[in-house]
J.: 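Dumping the structure here so I can ask a few things about it.
One-based numbering, in listed order, for ligands and for the atoms of each. Any value given below was found using the heavy atoms of this structure, including those in side chains, with hydrogens, waters and symmetry copies removed.
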Amino acid sequence: MAQKYYITTPIYYPSGNWHIGHCYTTVICDALARFHKLKGEEVFFLTGTDEHGQKVEKEAKSRGITPRAFIDPLVERLQDMWRLLDIGYDRFIRTTDADHVACVQRIYQKLYESGDIYKSEYSGYYCTPCEAFWTEAQLAGGKCPDCGREVTLQKEESYFFRLSKYAPRILKLYEDNPGFLSPKSRVNEMVNNFLKAGLTDLSVSRTTVKWGIPLPFDEKHTAYVWIDALSNYISALGYLSEDDSLYRKFWPADLHLVGKEIVRFHAIIWPAILMALGEPVPHEIYGHGWLLIGGEKLSKSKENARPELTDPYELVKRYGADAVRYYLLREIPFGSDGEYTTERFLKRINADLANDLGNLVSRTQAMIVQNFDGKVPPHAAPEGPDGELISMCEGLFKRVDADMGALNAPDALADIFAVVSRANKYIDETAPWILAKDAAKRERLGTVLYTLAETVRVCAVLLKPFLTQATERILRSFGAENDGLESLTFGRLREGSQIEKLPPVFPRMDIPKELAEVEKLLSAKKEENKAEPHGAAPAEAKPPVGFEDFTKLEFKVGEVIACEKVKKSEKLLHETVKIGGEVRSVVSGIAKFYSPEEMVGKKVVVVTNLKPVKLCGVLSEGMILCAEDGEGRISLISPEKFVESGATVR
Ligand code: ME8
């Protein structure tokens, strides 16, 4: 019976700000899934989206739309990204899918009935962006220890999962199964930072979050997003449903590949839930490293500050899916972090794909066309350097298999490209262009070119999981049959079969020129963003107004004589402004750009005849005028020369 292989990526938050770092996990999973398929295994590759929770609820509310209306276009965009990158998943699960929702409810019901979930009260610090709760002791300087952002103290009635009960079993799981969690450093992290001190029970329901899965035994509560999200790995297989045949076939997963920042959820909470359900735990959880920019985790906000092209849609459009996949799979040492720059990306593609592989393919095909009319030449027994190249090809699958068994795509690619480089050197050693000049050497020429064509073919078969598009073209151009591992036997190309000469599979790039063009593209994008601050629709020019309308507004110069922050607001300042003989209370949304101290003594322009309003409970009797640039930065408008407060502005 064929072996099974079940591999998963984490399910993605619908952020819409996907960058090349986000593609990392999924591209590796896709290459692993394809490699196992090549080996003839029955593979199930799962990915999807993590759609519930406070973050989505808030984002949708701020736009005045439903969570579903907010999420659907983002999910489509993510699926587009996977299509562009040739990600061949077997299921794309959404946590809003009906079968997932039903499964999560059954999981809660089962745990509630077995006593592993009980009702109590929760008090803790919540980080909304990470959807994670922390105790006071876990906070880093009062902030979220994972992302460093603000946390809020929350108290509510909640159901708890008896996580504490499972700490000893998880420690034993690590001891008995050294392969359960990799790399090794992650085990130490989990043991020292969490398990050693013992675990506290986990709050697994919310009454304050409406955008979530209602608990079947208490509909006021919704499921905690991480329990909801982690369950996708089994709900996708029909766990606890009428048809659980996929579950019985594929569970336990062979690999959950995740970024290192979410190992805690996968290596502690997830096995505990499975243990409580009486189900087997996955074979392996691997916490990979990050793509960095300037030494920090690549994230959308930092990307803006550096001239790097990190948008996967743009990268695929410019350089193709194979180039992006190759970079991610080859460049970052597996398990560690890797620095990303556009230049490194271009250099890697030029060196390996254009020079090494591209050249080998085009030289081999050109010589076959030139000397044998484009037909696979007849060949004699190998001699000289042929043997070494042939045996490298014959042993290649074993090496790549061992690398991929260790999940090490960079080493697998290094092994394949060692053969590509050896073949290029073989061309120099055998000098086919000299053999071609001597009719007596025709048989030898045929043998050399046949050996090269076979090397290209074997490498292309093994490169298929990594470079999905170029390998198809290469194999088709050699008329090569495509029958999995069988096709790795050296010597399968049939003498006399027609080959087609391909245009360069990876054209060589002029890196300085390309970098200059990328720079231009990025500045054009920046300009575009300026015209559309915060992604809003471009501000339409307002229709003209008559002078009489303009004179309805009253502007005066004022002097700020006192200023303080408005409590409960991050954005608002409360100024006391002297306007001639009058003193007014004014509230303005400039706290991110000016401190209260800075404001005192400033001359400002105030709209003085707006109807008074209360902002965060504070009276505002006017508006201070500011200029706002395309990046959302604010600058006060002040008189250029000295004028008394109370002066009219017109
Ligand atoms: O964590 N380098 O989703 P997500 C490498 N919904 N990988 C990166 C990266 C970078 N700079 N930035 C992000 C979630 N990633 C949860 C998972 S699973 C039950 C729930 C990776 O959208 C990240 O490590 O924040 C993760 O593997 C994936 O992108 C999705 O992250």
Side-chain angles (χ1 to χ4, degrees), residues 7-30 46-56 71 74-75 77-78 81-82 85 87 92-96 100 103-104 107 127-132 144 146-147 149 186 212 223-236 253 255-271 273-274 282 285-303 306 308 310-312 324 327-329 331-341 409:
I7 182 170
T8 68
T9 73
I11 46 175
Y12 283 65
Y13 291 127
S15 76
N17 286 340
W18 291 295
H19 50 69
I20 187 172
H22 283 118
C23 305
Y24 186 56
T25 325
T26 304
V27 165
I28 300 174
C29 282
D30 183 68
L46 177 72
T47 190
T49 37
D50 183 358
E51 303 182 11
H52 291 121
Q54 208 159 26
K55 203 160 41 174
V56 167
I71 290 164
L74 296 178
V75 173
R77 188 156 163 78
L78 184 68
M81 181 159 100
W82 297 150
L85 280 164
I87 304 296
F92 186 98
I93 188 167
R94 301 182 55 172
T95 51
T96 47
H100 172 79
C103 178
V104 170
I107 289 174
C127 172
T128 309
C130 295
E131 306 273 19
C144 170
D146 264 2
C147 72
R149 281 178 274 210
R186 313 270 184 249
Y224 170 43
V225 278
W226 269 100
I227 305 296
D228 171 358
L230 288 162
S231 305
N232 93 90
Y233 301 132
I234 52 179
S235 72
L255 176 66
H256 291 321
L257 183 67
V258 302
K260 62 182 176 181
E261 78 281 15
I262 52 175
V263 163
R264 182 170 74 94
F265 299 97
H266 285 81
I268 295 179
I269 298 175
W270 183 224
I273 296 279
L274 288 164
I285 290 160
Y286 194 103
H288 68 65
W290 292 330
L291 258 74
L292 310 176
I293 277 203
E296 284 184 70
K297 185 180 179 210
L298 173 53
S299 79
K300 195 70 183 172
S301 49
K302 277 158 208 148
E303 174 198 329
R306 303 179 69 86
E308 301 302 345
T310 61
D311 176 355
V324 177
Y327 175 84
L328 290 172
L329 291 162
E331 181 80 13
I332 295 110
F334 197 58
S336 318
D337 296 339
E339 186 69 25
Y340 175 82
T341 67

J.: Please identify which atoms of ligand 1 are closer than 4.0 Å to at least one heavy atom of K297.
T.: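 Here the atoms of ligand 1 in question are 9 (C), 11 (N), 12 (N).
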J.: In ligand 1, which numbered atoms sit nearer than 4.0 Å to a non-hydrogen atom of G259?
T.: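 Selected atoms, number and element: 24 (O), 27 (O).
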J.: Can you tell me if G289 contacts ligand 1 (heavy atom of the residue under 4.0 Å from the ligand)?
T.: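 Contact present.
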J.: Considering H256, H19, H22 one by one, which has a heavy atom nearer to atom 31 (O) of ligand 1 than any of the others?
T.: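 Checking each option, the heavy atom nearest atom 31 (O) of ligand 1 is found in H22.
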J.: Can a non-hydrogen atom of K260 be found less than 4.0 Å from any atom of ligand 1?
T.: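 Not so, K260 does not reach ligand 1.
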J.: Measure the spacing between NE2 of H288 and CD1 of I332 and express it to the nearest 0.5 Å.
T.: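 So the gap between those two atoms works out to 10.0 Å.
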J.: Decide side-chain contact (heavy atoms from CB on, under 4.5 Å) for L257 and I28; before the verdict, give the C-alpha distance in whole Å, the side-chain angles of both, and the deciding distance to 0.1 Å.
T.: CA-CA 9 Å; L257 183 67; I28 300 174; 3.7 Å; yes
J.: Near D50, which atoms of ligand 1 are under 4.0 Å from a heavy atom of that residue?
T.: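 Once the distances to D50 are compared, the set is 6 (N), 16 (C), 20 (C).
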J.: In terms of side-chain heavy atoms, does N17 have a donor or acceptor partner in H22 at a distance below 3.5 Å?
T.: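 Side-chain D/A pair, N17 to H22: absent.
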J.: With backbone taken as N, CA, C and O and side chain as the heavy atoms from C-beta onward, which portion of L298 lies under 4.0 Å from ligand 1: side chain, backbone, both, or neither?
T.: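 For L298, the contact with ligand 1 is made by both the backbone and the side chain.
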J.: Just jot down the ligand 1 atoms closer than 4.0 angstrom to any heavy atom of L291, in number order.
T.: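 Those qualifying, in numeric order: 2 (N), 5 (C), 10 (C), 11 (N).
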J.: If you measure only the distance, is there a donor-acceptor pair under 3.5 Å linking the side chains of T8 and H256?
T.: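 Checked: T8/H256 side chains pair up, N/O donor to acceptor below 3.5 Å.
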J.: Are side-chain N/O atoms of T310 and H19 paired as donor and acceptor at under 3.5 Å?
T.: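 Result is no, nothing qualifies.
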J.: With a cut-off of 4.0 Å, which atoms of ligand 1 are near a heavy atom of W226?
T.: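 So the answer, numbered in order with elements, is 17 (C), 18 (S), 19 (C), 20 (C).
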J.: Which option wins on minimum heavy-atom distance to atom 9 (C) of ligand 1: G21, G287, P14?
T.: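 Nearest heavy atom to atom 9 (C) of ligand 1 lies in G21.
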J.: For A229, take its heavy atoms, then give the atoms of ligand 1 lying under 4.0 Å from any of them.
T.: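 Listed by number with element, the hits are 19 (C).
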J.: Would you mind finding which of I269, I11, I262 brings a heavy atom closest to atom 16 (C) of ligand 1?
T.: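 Nearest option to atom 16 (C) of ligand 1, by heavy atoms: I11.
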J.: Give, for atom CG of L292 and atom NZ of K297, the distance between the pair rounded to the nearest 0.5 Å.
T.: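 So the gap between those two atoms works out to 10.0 Å.
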J.: Looking only at distances, can you tell me whether any N or O atom of Y13, backbone or side chain, sits closer than 3.5 Å to an N or O atom of ligand 1?
T.: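 The answer is yes, given that Y13 and ligand 1 share an N or O pair closer than 3.5 Å.
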J.: Backbone or side chain, does any N or O of E261 fall under 3.5 Å from an N or O of ligand 1?
T.: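 E261 vs ligand 1: N/O contact under 3.5 Å present.
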J.: Evaluate L85 against C23 for side-chain contact (heavy atoms from CB on, under 4.5 Å), listing each step before the verdict.
T.: CA-CA 9 Å; L85 280 164; C23 305; 3.7 Å; yes
J.: Which of the numbered atoms in ligand 1 are under 4.0 angstrom from any heavy atom belonging to H266?
T.: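 Heavy-atom distances to H266 below 4.0 Å select 18 (S), 19 (C).
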J.: Just checking H266 against Y233, ring centres under 6.0 Å apart?
T.: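 Judged by ring-centre distance (under 6.0 Å), H266 and Y233 do meet the cut-off.
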J.: Quick one: look up the protein heavy atom nearest atom 21 (C) of ligand 1 and list residue, atom name and how far away it is.
T.: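 Answer for atom 21 (C) of ligand 1: T25 OG1, 3.7 Å.
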J.: For E131 versus H52, what's the shortest heavy-atom pair and its separation?
T.: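 It is OE2-O, 4.0 Å.
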J.: Check if F265 has a non-hydrogen atom at a distance under 4.0 Å from any atom of ligand 1.
T.: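 The answer is no, since F265 has no heavy atom less than 4.0 Å from ligand 1.
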J.: Any idea which heavy atoms bring Y13 and C130 closest together, and the distance?
T.: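 For Y13 versus C130, the nearest heavy atoms are OH-O, 4.0 Å.
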J.: Check whether K55 reaches the backbone of P129 with its side chain - one donor and one acceptor, N or O, closer than 3.5 Å.
T.: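 Checking the backbone N and O of P129 against the side chain of K55, a donor-acceptor pair under 3.5 Å is found.
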J.: Using a strict cut-off of 4.0 Å, indicate which atoms of ligand 1 neighbour a heavy atom of P10.
T.: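 Taking each heavy atom of P10 in turn, ligand 1 has 17 (C), 18 (S), 26 (C), 27 (O) under 4.0 Å.
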